[in-house]
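What follows is a short report on a single structure.
Atoms within each ligand, like the ligands themselves, are counted from 1 in listed order.
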Amino acid sequence: MTSVAGKRIVLGVSGGIAAYKAVEICRRLMDSGAHVIPVLTKGATRFVGRATFDALASEPVQMSLFDEDDPIPHTTLGQTADCVLVAPATARVIGAYAAGISSDLLTATLIATRAPVVICPAMHTEMWEHPAVADNIATLVKRGVSIVGPESGRLAGGDEGAGRLSSPADIVAAVDRVLDSTGRRLDMAGLSVVVTAGGTREPIDPVRYIGNRSSGKQGYAFAEEAAARGAKVTIITTVDRPGPLGTTVVSGITVVRVNTAEEMAAATAEAAKEADVVIMAAAVADFRPVDPAGVKIKKRDGVPAIQLEPTPDILAGLGASKPEGQILVGFAAETCEVADNAAAKLSGKGADYIVANDVAAENVGFAYDTNEVTVLASDGRVRPVGMRSKRQVAQAVLDLVMGDRDASEENQ
Ligand code: PMT
């Protein structure tokens with residue numbers, strides 16, 4: 001199973017006893033490398049706690065149409081999803097979706113999305129066989145919605161009959177098939193992409209280092225977005241993939257682990273030789289201790305005088321020896337005079353784009369799940385990308401880069 005890897009899947013859970021099985025569906029999707037965003041109805045929380053999904057999924061549970069951070073969560077969810085899966089889907093949610101009624105975040109997302117939708121009904125036999133439900137299902141099928149199940153078997157209260165939610169394995173397999181057949185946004189197929197992620201660690205002695213607060217989230221988001229768009233990706237990283245998946249490797253991504261700027265420079269130079277796109281999201285130390293101690297420095301010997309020297313500037317090195325046609329995307333993490341500093345890095349390092357990060361701002365940059373950036377292009381264009389998840393930032397930056405690439409190919 002490969003198609004769900006790296007895909008953004010909105011997992012809608014509505015209020016039925018089978019909601020507990022959605023936990024297993026969430027886990028299986030995560031295990032397969034999907035980016036899962038749970039959207040629960042109020043009814044769902046009567047059967048299963050949101051804390052369970054918060055702990056397992058890629059993003060916290062969303063329930064409200066009136067989110068504090070995003071004024072239009074349903075459109076954001078709908079527009080950015082690769083697939084919306086509803087499991088279990090109650091008669092109410094199926095009816096609302098068929099009738100175009102958006103009374104809560106889940107039904108609004110269903111109506112706002114243009115992504116493929118998979119509905120997994122679960123209810124008592126009498127409800128499943130009711131003509132209203134049958135008509136609604138027929139309407140959805142006519143519109144191209146995939147319906148999975150229900151199965152026959154034991155139902156809540158000991159009854160037997162049609163209406164039982166399909167197994168989590170069958171549901172995840174169905175989502176995989178749907179994504180496989182849609183092949184959305186494969187605009188990076190055949191391209192080789194190199195991404196750097198995390199903060200480098202420059203040793204002071206065998207136990208101490210100079211580091212920074214980079215979590216690798218932004219770099220991994222780029223790697224997974226590029227892989228989901230069909231690219232062959234190498235991520236050169238100082239950290240494991242953040243989140244519940246840990247070291248699990250998303251299909252299409254090769255992970256190269258490094259620690260220091262020197263190691264990152266060597267691995268990146270090697271991988272970049274054949275790359276079509278290089279994205280330097282890592283926070284590389286600018287200085288390192290000249291002569292790290294071979295044994296742990298003892299406190300009793302007093303405060304050590306640590307002499308520093310510059311590290312190799314990886315981005316500038318790549319910029320200076322960029323092969324024809326390669327696209328080089330750098331970052332600028334700044335705390336003041338962001339626009340000027342980012343513009344200086346764009347020209348000084350020979351990048352095609354600089355993604356400027358005002359890392360002094362709330363919920364932006366290091367370690368947060370969200371980011372807000374401004375992309376500067378070497379031809380002078382400036383494209384702000386407002387506050388959103390790091391995956392959505394990656395999506396917006398790659399949309400710009402790929403749009404420019406397509407336009408320049410058309411002009412040749
Ligand atoms: O990892 P997260 O917690 O998700 O946080 C994301 C992030 C804040 C780390 C990321 O969005 C970001 O801004 N990355 C760049 C951090 C950085 O080192 O910025 P800089 O302005 O110091 O460097 C400018 C560019 O030169 C960067 O592309 C950097 O990778 C590169 N560089 C810097 C120094 C060096 N010796 N070699 C380099 O290649």
Side-chain angles (χ1 to χ4, degrees), residues 58-59 194-202 210-225 235-243 258-269 271-272 277-288 308-322 327-376 378 385 387-394 396-398:
S58 313
E59 294 188 19
V194 173
V195 181
T196 62
T200 61
R201 297 172 173 192
E202 311 302 329
I210 297 175
N212 60 66
R213 295 194 295 117
S214 172
S215 62
K217 286 177 185 172
Q218 186 63 79
Y220 273 92
F222 268 98
E224 288 170 14
E225 177 64 19
I235 185 165
I236 296 158
T237 175
T238 60
V239 288
D240 283 342
R241 183 187 190 278
V258 294
N259 282 307
T260 63
E262 190 83 45
E263 289 167 10
M264 185 173 274
T268 307
V277 182
V278 180
I279 299 162
M280 287 291 305
V284 187
D286 288 317
F287 307 104
R288 66 183 170 206
L308 301 177
E309 64 182 355
T311 55
D313 191 321
I314 307 170
L315 179 58
L318 294 173
S321 59
K322 202 158 69 80
I327 299 168
L328 186 56
V329 183
F331 273 68
E334 305 294 342
T335 55
C336 63
E337 295 164 23
V338 178
D340 287 349
N341 289 331
K345 283 178 181 165
L346 179 65
S347 54
K349 297 197 185 216
D352 298 300
Y353 301 88
I354 282 283
V355 182
N357 242 191
D358 179 354
V359 292
E362 191 67 12
N363 295 318
V364 174
F366 293 100
Y368 292 112
D369 289 324
T370 47
N371 211 353
E372 182 175 6
V373 302
T374 303
V375 188
L376 313 186
S378 57
V385 178
M387 177 72 73
R388 55 197 72 179
S389 73
K390 284 183 169 167
R391 179 65 181 263
Q392 289 168 324
V393 167
V397 173
L398 292 180

What protein heavy atom lies closest to atom 21 (O) of ligand 1? Include the residue and the distance to one decimal.
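The closest one turns out to be Lys345 NZ, 2.5 Å.
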
What is the nearest protein non-hydrogen atom to atom 12 (C) of ligand 1, stated with its residue, atom name and distance?
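The answer is Phe331 CD2, 3.5 Å.
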
State, to 0.1 Å, how close [X] and [Y] come at their nearest heavy-atom pair, and which atoms those are.
{"X": "Thr200", "Y": "Ala285", "result": "OG1-N, 2.9 Å"}
{"X": "Ala351", "Y": "Ser378", "result": "O-CB, 4.0 Å"}
{"X": "Thr370", "Y": "Met387", "result": "CB-SD, 3.8 Å"}
{"X": "Thr238", "Y": "Gly199", "result": "OG1-O, 2.8 Å"}

Validation row: [X], [Y] side chains within 4.5 angstrom (heavy atoms):
{"X": "Ile279", "Y": "Val397", "value": "no"}
{"X": "Val278", "Y": "Ile236", "value": "no"}
{"X": "Arg288", "Y": "Thr260", "value": "no"}

Atoms of ligand 1, numbered as shown, that sit under 4.0 Å from any heavy atom of [X]:
{"X": "Pro312", "value": "35 (C), 36 (N), 37 (N)"}
{"X": "Ala283", "value": "16 (C), 17 (C), 18 (O)"}
{"X": "Lys217", "value": "1 (O), 2 (P), 4 (O)"}
{"X": "Gly216", "value": "1 (O), 2 (P), 3 (O)"}
{"X": "Ala332", "value": "21 (O)"}
{"X": "Gly330", "value": "28 (O)"}
{"X": "Leu315", "value": "25 (C), 26 (O), 28 (O), 31 (C), 38 (C), 39 (O)"}
{"X": "Asn357", "value": "8 (C), 10 (C), 11 (O), 12 (C), 13 (O)"}

Proximal candidate to [atom] [heavy atom criterion; set [options]]:
{"atom": "atom 35 (C) of ligand 1", "options": "Val359, Val284, Val393", "value": "Val284"}
{"atom": "atom 14 (N) of ligand 1", "options": "Ala261, Ala281, Ala342, Ala333", "value": "Ala281"}
{"atom": "atom 16 (C) of ligand 1", "options": "Ser214, Ala316, Ala282", "value": "Ala282"}

If we only count N/O pairs under 3.5 Å, is [X] in contact with ligand 1?
{"X": "Met280", "value": "yes"}
{"X": "Thr196", "value": "no"}
{"X": "Gly219", "value": "no"}
{"X": "Gly198", "value": "no"}

Would Lys349 count as a contact residue for ligand 1, given that I'm defining contact as a non-hydrogen atom of the residue lying under 4.0 Å from a ligand atom?
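Judged by the 4.0 Å heavy-atom criterion, Lys349 does count as contacting ligand 1.
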
Whether Lys217 side chain and Ala367 backbone form a donor-acceptor pair below 3.5 Å
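Flag set: sc Lys217 to bb Ala367 pair under 3.5 Å.
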
Kindly determine whether Glu59 and Arg391 satisfy salt bridge (charged side-chain N to carboxylate O under 4.0 Å, His left out), including the steps that lead there.
CA-CA 11 Å; Glu59 294 188 19; Arg391 179 65 181 263; over 6 Å; no

What part of Ala285 sits under 4.0 Å from ligand 1 if we count only heavy atoms: the side chain, the backbone, both or neither?
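Under 4.0 Å from ligand 1, Ala285 contributes backbone atoms alone.
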
